[in-house]
Amino acid sequence: MTEETMIQIRRQINGLCPLASVTIDALMDSWEELVVKRKTVLTREGDCEGYLYVVLEGIQQAVFTHGDKEATLVFTYPYSFSGIIDSLLLQKPATYRLETITQSRLLKLSHHQLMEIIREHPTLETWLWKALASVLAGTLQRQCELLTFSAEEKFTSLLRRSPQVLNLIPHKYLAAYIGVDASTFSKMLGSVRV
Amino acid sequence: MPVFKSTELLGQLKLDAQQILDRVEMLRDTDNETLNRQPELNSWSIAQVLEHLNFYSRTYNAKLQEHLSAAKQQQSEFKSGWLGNYFTKMMEPKADGVVVNKMSAPKDARPDAALNGPAVVAEFIGHQHQLLKLLDQPKDLSVRVPTSISSLIKLQAGDTFRFLIAHQRRHLAQAQRAAKAFGYKW
């Protein structure tokens with residue numbers, strides 16, 4: 001991991017809730033790097049999530065399957081956290097899966113290690129609930145938008161919130177994410193003012 | 001029958017094998033009593049589950065090594081065979097982790113009730129490192145490897161790997177349920 005990457009990750013962690021250096025050091029010392037090919041399932045439906053990940057390179061998605069329908073719940077990309085968070089923290093089987101869209105490089109921390117670090121550095125637990133609150137807010141917001149926004153509004157909202165996704169994530173996945181077909185998405189790219 | 005890109009299939013299998021190894025490595029410091037504890041009568045303990053998996057590794061790792069080292073270069077695609085795919089599918093738990101078809105292990109793959117737990121764990125870890133090395137070889141996955149059922153029944157190496165790992169996942173889920181049943185945090 002480069003110096004630059006480490007700085008980015010520390011910034012990401014601190015940005016949510018400042019932590020003592022010694023606590024961030026404990027995390028940084030425990031992460032293990034993992035390289036995974038594209039279209040690899042990191043966690044299957046029915047498995048208990050074993051890891052918290054930080055994304056260094058590549059894109060991943062959490063996908064829920066219902067019969068022949070599939071829905072992407074979230075994309076993760078550098079330097080977001082990844083992993084099926086509810087399964088990880090509740091230690092219950094995941095109801096959706098986490099897979100790579102592109103070749104990915106991740107840092108992984110096992111559930112066991114995470115719990116150990118929290119035991120030794122209790123402030124990490126504060127950080128954790130703030131992170132969860134943030135994830136929950138985003139999830140609820142998305143639920144509101146999916147239920148009430150028009151295709152154009154969803155498109156605009158996506159691009160205003162995360163403009164970088166246009167360059168990172170193949171458009172067919174973005175189209176599915178906002179529930180429009182790929183050709184509609186392309187048309188909106190050409191016509192909608194962001 | 002499913003067709004895989006060889007590198008993608010091996011990538012997935014290596015990740016699965018590594019996750020299984022990570023999980024079992026957490027048992028390194030577990031005491032013998034816990035490892036041998038049966039959740040209920042006639043249900044396997046963690047040690048029995050791992051010993052059962054060791055039986056398969058002892059049988060298959062060597063065969064895979066032998067046949068892969070003599071095999072040609074890896075092809076870009078691997079086409080699963082009917083039987084290999086069938087065995088693999090039979091192993092996989094359903095999406096909610098529930099095992100569909102309960103099977104009895106073959107007689108010679110049934111472990112004793114009182115085992116040297118730590119030794120079984122150590123042996124599993126050794127076999128799994130070997131398996132990971134085998135999955136790293138850029139060899140032709142269509143090469144045929146005899147099964148433990150009969151040396152006359154041969155599956156392609158790619159299917160053998162798929163089956164072995166699906167089998168491990170199935171049994172690991174079983175071992176985790178056993179631990180949960182007697183309240184051992186694993």
Side-chain angles (χ1 to χ4, degrees), chain A residues 30-53 58 60 62-70 82-84 87-116 118-119, chain B residues 2-30 74 76-78 88-89 91-100 132 135-136 138 162 165-166 168-181 183-186:
Chain A
S30 309
W31 298 117
E32 259 178 58
E33 203 171 296
L34 175 69
V35 176
V36 183
K37 298 219 179 304
R38 61 186 284 268
K39 286 194 183 179
T40 304
V41 179
L42 290 165
T43 312
R44 284 181 183 74
E45 296 96 329
D47 283 353
C48 209
E49 176 61 83
Y51 307 92
L52 176 65
Y53 298 99
Q60 306 77 37
V63 181
F64 179 76
T65 305
H66 180 66
D68 56 356
K69 291 202 205 136
E70 278 195 349
S82 192
I84 302 191
S87 171
L88 177 72
L89 295 175
L90 296 171
Q91 284 292 285
K92 283 211 160 109
T95 53
Y96 49 95
R97 69 179 184 275
L98 179 67
E99 60 186 26
T100 58
I101 296 180
T102 67
Q103 164 115 345
S104 300
R105 205 159 59 94
L106 308 155
L107 293 175
K108 73 177 192 192
L109 188 73
S110 75
H111 175 257
H112 176 81
Q113 283 173 305
L114 178 62
M115 294 298 125
E116 276 298 305
I118 288 178
R119 238 188 304 275
Chain B
V3 178
F4 303 92
K5 279 209 167 68
S6 299
T7 49
E8 278 177 16
L9 175 63
L10 288 175
Q12 180 71 64
L13 292 173
K14 273 201 309 222
L15 181 72
D16 292 342
Q18 183 65 53
Q19 287 187 352
I20 292 165
L21 176 59
D22 286 352
R23 200 40 97 146
V24 175
E25 272 184 335
M26 290 197 253
L27 294 171
R28 269 189 206 273
D29 296 322
T30 308
Q74 194 172 92
S76 63
E77 275 187 354
F78 168 69
T88 304
K89 288 284 152 207
M91 287 296 130
E92 280 163 8
K94 267 169 39 193
D96 54 3
V98 173
V99 164
V100 184
L132 285 165
L135 288 165
D136 240 341
R162 290 175 70 218
I165 291 186
Q168 283 188 348
R169 280 169 39 80
R170 181 189 175 99
H171 281 294
L172 205 71
Q174 177 188 3
Q176 287 180 286
R177 281 194 302 277
K180 205 171 183 182
Y184 181 65
K185 264 193 169 352
W186 171 26

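Quick caveat: nothing in here was measured; it's all calculated off a predicted structure. Computation of the quantities below employed the complete heavy-atom set of this structure, encompassing side-chain atoms and omitting hydrogens, waters and symmetry-equivalent molecules.
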How long is the span from the [atom1] atom in [X] to the [atom2] atom in [Y], to the nearest 0.5 Å?
X: B:T7; Y: A:Q103; atom1: OG1; atom2: CD; answer: 9.5 Å
X: B:K180; Y: A:Q91; atom1: NZ; atom2: CD; answer: 8.5 Å
X: A:E32; Y: B:D22; atom1: CD; atom2: CG; answer: 6.5 Å

For this session: With side-chain contact (heavy atoms from CB on, under 4.5 Å) as the test, would you mind laying out the steps for B:Q12 and A:V41 before giving the verdict?
Result: CA-CA 7 Å; B:Q12 180 71 64; A:V41 179; 3.6 Å; yes

For this session: Check the surroundings of atom CG in B:D29: do more than 12 heavy atoms from other residues, nucleotides or ligands lie under 6.0 Å from it?
Result: no

Exercise. Which answer fits A:R38, side chain, backbone, both or neither, if we ask what part of it has an atom under 4.5 Å from a heavy atom of chain B?
Worked result: both

Exercise. Counting distance only, does the side-chain N/O of B:Q19 pair as donor-acceptor with the main-chain N or O of A:L42 below 3.5 Å?
Worked result: yes

For this session: Please step through side-chain contact (heavy atoms from CB on, under 4.5 Å) for the pair A:K108 and B:Q18, ending with a clear verdict.
Result: CA-CA 12 Å; A:K108 73 177 192 192; B:Q18 183 65 53; 4.0 Å; yes

Are the side chains of [Y] and [X] in contact, using a 4.5 Å heavy-atom criterion?
X: B:R169; Y: A:R44; result: yes
X: A:L34; Y: B:L15; result: yes
X: A:K37; Y: B:L10; result: no

Exercise. What part of B:Q176 lies closer than 4.5 angstrom to a heavy atom of chain A: side chain, backbone, both or neither?
Worked result: neither

